[in-house]
Number of protein chains: 2
Amino acid sequence: MTDTQTTPNLSPRQAVVLSRVLGSGFVTIEALAEEFGVSAQTVRRDIITLSEKGLLQRFHGGAGPVGAAESARLDHAAKRDVAKPEKHLVGARAAAIIPDGASVFLDVGTTIECCAARLAQRKGFRIFTTSIRTALLFDPEAHEVNVIGGRLSGRDGSLTGEEVILRLNDLRIDVALIACSAVDDTERVMDFNTSKIAVKKAAMNAAAASYLLCTTSKFGRTALATIAPMSRFQSIITEVETS
Amino acid sequence: MTDTQTTPNLSPRQAVVLSRVLGSGFVTIEALAEEFGVSAQTVRRDIITLSEKGLLQRFHGGAGPVGAAESARLDHAAKRDVAKPEKHLVGARAAAIIPDGASVFLDVGTTIECCAARLAQRKGFRIFTTSIRTALLFDPEAHEVNVIGGRLSGRDGSLTGEEVILRLNDLRIDVALIACSAVDDTERVMDFNTSKIAVKKAAMNAAAASYLLCTTSKFGRTALATIAPMSRFQSIITEVETS
DNA sequence: TCTTTCGTGTAAGATTTCTTCCATCAAATG
DNA sequence: CATTTGATGGAAGAAATCTTACACGAAAGA
């Protein structure tokens with residue numbers, strides 16, 4: 001007889017705990033115990049209760065919102081090819097060739113995010129992206145950040161679908177930074193997700209110049225379908241010197 | 001004579017760590033170590049470096065944005081800090097009246113996010129939203145999540161602009177959940193941001209039924225411009241019993 | 001070439017937090 | 001009035017994290 005879902009039966013203090021957590025992003029047990037004048041044990045029990053209802057997430061020493069760290073934790077960090085140092089090198093190199101004030105399309109992917117983190121430290125870019133995670137890296141007051149709307153297709157925050165394509169077809173931008181899953185032996189740039197491939201193609205058509213960002217680990221592999229031949233890119237940016 | 005500020009001399013990885021922390025609100029050392037493929041010790045050193053520069057705050061087990069509690073730099077964080085338990089009550093009540101499988105527009109705002117967190121625990125909703133923060137609360141495999149594309153207009157993750165309006169005009173959805181800044185004495189529902197008001201209006205036009213989510217603290221106040229009269233809403237959902 | 005510097009990984013001890021169990025107290029219930 | 005239920009605080013052992021210290025290798029400089 002667990003009637004857990006139907007009744008959001010929270011004590012007044014638990015409700016405040018929840019608001020503190022959702023409001024501040026992260027709160028320590030100690031701080032909460034002090035605020036309420038109760039023992040850490042009691043706060044801990046409140047947090048356990050709330051986490052069992054899925055209203056927040058427990059951490060060692062405190063608690064945070066469910067959507068917060070979880071996103072960067074299990075799903076996004078996603079057991080797969082987690083971001084290696086190479087990706088940061090690729091991102092830094094790509095950011096270095098983008099002139100100030102440029103209009104830039106940013107693809108979905110951790111490598112692109114590394115690049116975005118660099119660009120975000122500068123000012124005045126016109127950003128177009130289909131990744132809501134990438135969008136959040138920028139300060140809207142320092143840059144013009146445009147999110148190409150569409151259907152959310154994964155925990156990576158990628159937007160895909162017809163709307164995205166239609167919108168991209170209307171755009172004319174300076175540079176497109178594209179990520180990929182593989183570059184096969186015949187120099188075809190490939191990916192596994194056909195929806196994302198369509199977005200990448202549309203972005204490349206809308207851009208005066210396209211750059212491929214990928215680590216060398218992608219070379220010699222193959223994937224589901226082709227994005228474009230390597231020759232279609234202005235340059236391929238990897239973690240090794242191409243000189 | 002602290003020359004610390006002038007040169008944000010961060011390694012690529014440190015920059016991404018910072019972006020993760022600022023983006024997610026809280027990130028564990030373990031998660032970061034896994035993401036970058038380095039030891040926890042290295043991540044800890046990065047975090048120590050960043051915290052010494054005042055760029056983030058250390059916690060036992062991870063790191064979070066500086067001044068998570070008394071943040072004065074981000075208006076969004078400041079707004080969230082005001083989040084009272086009432087908002088969760090409002091969110092829970094609103095979620096309770098949404099039937100399974102409904103197509104729902106979710107406005108921008110912390111109250112809406114409270115509601116979204118509830119909806120995300122169920123399955124099969126068709127979500128339309130202009131808040132990329134709200135979008136991230138849902139699992140794309142459990143729901144159809146559509147982000148209405150536009151220009152990012154604030155740290156709250158809100159998308160506004162003509163594109164948003166045009167897209168909303170083409171939609172036909174079941175329910176719109178709207179937030180507001182004030183409800184004045186003549187029962188006009190108001191807000192401060194005209195761009196966001198336009199979005200709210202368009203969403204209400206696209207929806208068969210609209211619900212206003214607001215705490216009673218909004219009543220008797222005034223704001224910049226009017227969204228709609230109270231009578232335009234199917235129901236006003238607050239934290240008090242309306243019986 | 002040698003040396004220095006920097007970033008990194010590893011290990012042991014110290015510290016903090018967590019879990020579990022039990023005792024207390026108040027309110028509700030018989 | 002006695003009992004039960006629930007919330008709370010405390011203590012001991014377990015688990016996780018932090019600190020400190022040292023070693024290694026790469027890169028920069030003498």
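Just so it is clear, the model here is predicted, and its values are computed rather than measured. So you know, we letter chains A, B, ... as the sequences are listed, proteins then strands, and number each from 1.
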- Item | Residues B:Ser217 and B:Thr215: side-chain donor-acceptor under 3.5 angstrom | yes
- Message: Looking only at the side chain of B:His60 (C-beta and beyond, no hydrogens), which of the listed nucleotides D:dC18, C:dT19, D:dG9 gets closest?
- Response: D:dC18
- Message: Rounded to whole Å, how long is the line connecting atom CG of A:Leu32 with atom C1' of C:dC18?
- Response: 16 Å
- Message: Looking only at the side chain of A:Arg58 (C-beta and beyond, no hydrogens), which of the listed nucleotides D:dG10, C:dT19, D:dT19 gets closest?
- Response: C:dT19
- From the list C:dT8, C:dT19, D:dG9, which nucleotide is the closest neighbour of the side chain of B:Arg13? C:dT8
- Task: Could I get the full list of ring pair (Phe, Tyr, Trp, His ring centres under 6.0 Å) partners for A:Tyr211, not counting sequence neighbours?
- Result: none
- Item | Gap between atom NZ of B:Lys218 and atom CD1 of B:Ile236 - 0.5 Å precision | 14.0 Å
- Item | Base C:dT20 paired with A:Gln41 side chain (donor-acceptor, <3.5 Å) | yes
- Task: Starting from P on D:dA15, measure out to CD on B:Glu30 and report it in whole angstrom.
- Result: 16 Å
- Message: Give me each pair satisfying salt bridge (Lys or Arg N to Asp or Glu O under 4.0 Å) with a member in residues 94-111 of chain A, each pair once, sequence neighbours excluded.
- Response: A:Asp100-A:Arg122, A:Asp107-A:Lys200
- Mind checking the CG-CD spacing from B:Leu56 to B:Gln14? Nearest 0.5 Å is all I need. 9.5 Å
- Query: Any donor-acceptor pair under 3.5 Å between the side chain of B:Arg45 and the base of C:dG9?
  - Reply: yes
- Message: Rounding to an integer number of Å, can you tell me how far B:Ile29 CD1 sits from C:dT17 P?
- Response: 14 Å
- Rounded to whole Å, CZ of A:Arg44 lies from P of D:dA11 at a distance of 15 Å
- Task: Compute the bend angle of the helix from C:dT1-D:dA30 to C:dG30-D:dC1 from the end axes (five pairs per end), rounded to 10°.
- Result: 20°
- Between D:dT8 atom P and A:Phe36 atom CZ, what is the distance in whole Å? 11 Å
- Item | Interatomic distance, A:Phe59 CZ vs D:dC18 C1' [rounded to whole Å] | 18 Å
- Message: Less than 4.0 angstrom between a side-chain N/O of A:Thr42 and OP1 or OP2 of D:dT8, yes or no?
- Response: no
